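Note that the structure is a prediction, hence the values are computed from the model and not measured. When a residue number appears, it is its place in the shown sequence, counting from 1. Worth knowing before you read on, the calculation uses all heavy atoms, side chains too, and leaves out hydrogens, waters and symmetry mates.
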Amino acid sequence: MDLPFSVRLAFWAGVMILAVVATWGSRQLVKDRLDHVGLTVRDVAFALVILVLFTPALWILTWILCAASGHDAPGLLAVGTYGALFSTGLVLVSKGEAPPENDDIIEAPQPRLVSRLPDGFRGDILRLAVRDHYVDVVTTSGTYTIRSRFTDAIAEMEPISGHCTHRSHWVTDAAILEIQKNNGKTYLRLRNDDLVPVSRKYKPKLEEDGVI
């Protein structure tokens, strides 16, 4: 309070700028290097980085302004106490303003066919293959067999996009890795290394849609 108003104004303006810079810089450092660790560890690291960045900068700012106005600058220890309090406040404010990590994650829509699979199924459906009165549902978690007409199983895959490659095979577009040819026959190699045949009947449609 012994400082002139202009110096106090410059001090608090500088504190706000340092707070913004220290918080932003700390968040970037912690996010880039500790994104894989637990939330508690990240919070502690965030607080420590803010303290390391903010406290020395606050002391330098205080020393410059006090020296310029002819006053004795407080020691680093005294400023460090306030720096720790400021840093704690910055962590709490930043944590309160930050949105939950998973708020912007939208789960992909699941096809109705998933309800026919075992409870707790987790994975992606890669293709369907008809076998008598059954349909093999090939997924990233394994193969499941359901009793269904082939056309009904394909209809229940909406809204997942896919194509029939053969009268007995249907694949999801996202599962297709590459096109292979063997002895004049065309196959689609999927993400799980399955080779699915392409018949002459369905080949024009696949070409038209840019699948092959």
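Note on Ile176: it clusters hydrophobically with Ile179, by side-chain heavy-atom contacts below 4.5 Å among ILVMFWY residues. Under the 4.5 Å side-chain contact rule for hydrophobic residues, Ile60 and Met16 do not share a cluster. Connection of Ile17 to Ile64 is not established within any shared hydrophobic cluster, with ILVMFWY side chains joined at heavy-atom distances below 4.5 Å, either directly or through further cluster members. There is no path of hydrophobic side-chain contacts, each under 4.5 Å, that joins Leu177 to Leu190. Under the 4.5 Å side-chain heavy-atom criterion for grouping Ile, Leu, Val, Met, Phe, Trp and Tyr, Phe121 is connected to Ile160 within one hydrophobic cluster.
Considering only residues two or more places apart in sequence or on other chains, Arg112 meets the salt bridge (Lys or Arg N to Asp or Glu O under 4.0 Å) condition with none of them.
A salt bridge between Asp194 and Arg189 is absent, with no side-chain N of the basic residue lying under 4.0 Å from a carboxylate O of the acidic one. A salt bridge links Asp124 to Arg191: one of the charged nitrogens lies within less than 4.0 Å of a carboxylate oxygen.
Interatomic distance, NZ of Lys201 versus SG of Cys164, reported as 9.0 Å (0.5 Å rounding). How far CG of Leu195 is from CG of Leu188: 9.0 Å, rounded to the nearest 0.5 Å. Atom-to-atom distance recorded for Ile125:CD1 and Met157:CE is 4.0 Å, nearest 0.5 angstrom. In this structure, CD in Gln110 is found 10.5 Å from OG in Ser115, a value given to the nearest 0.5 Å. Between Arg149 atom CZ and Glu156 atom CD the span is 10.5 Å, to the nearest 0.5 Å. Taken from CH2 in Trp170 to CD1 in Ile154, the straight-line distance is 7.0 Å, to the nearest 0.5 Å.
No hydrogens or angles considered: a donor-acceptor pair under 3.5 Å links the side chains of Thr145 and Asp136.
No side-chain heavy atom of Thr140 sits less than 4.5 Å from a side-chain heavy atom of Asn192. A heavy-atom distance below 4.5 Å is found between the side chains of Tyr144 and Thr139. In this structure, the side chains of Tyr202 and Ser199 come closer than 4.5 Å at one or more pairs of heavy atoms.
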When you look at Phe11 and Thr62, which way does the side-chain contact (heavy atoms from CB on, under 4.5 Å) test go after all the steps? CA-CA 7 Å; Phe11 170 78; Thr62 305; 3.6 Å; yes
For a side-chain contact (heavy atoms from CB on, under 4.5 Å) check, start with the C-alpha distance between Arg147 and Arg116, then their side-chain angles and the critical distance, and finish with the verdict. CA-CA 9 Å; Arg147 186 175 179 85; Arg116 292 173 174 256; 5.8 Å; no
Could you give me the CA-CA distance, side-chain angles and deciding distance for Leu113 and Leu128, then say whether side-chain contact (heavy atoms from CB on, under 4.5 Å) is met? CA-CA 11 Å; Leu113 189 66; Leu128 307 176; 3.7 Å; yes
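The residue from Glu207, Arg200, Gln180, Lys181 that alone fulfils the side-chain contact (heavy atoms from CB on, under 4.5 Å) condition with Thr186 is Lys181. If you run side-chain contact (heavy atoms from CB on, under 4.5 Å) between Val138 and each of Thr143, Thr172, Val196, Val171, only Thr143 comes through.
Annotation for Tyr187: atom OH counts as buried by contact number, over 12 foreign heavy atoms lying within 6.0 Å.
Between the side chain of His166 and the backbone N or O of Ser168 there is at least one donor-acceptor pair closer than 3.5 Å.
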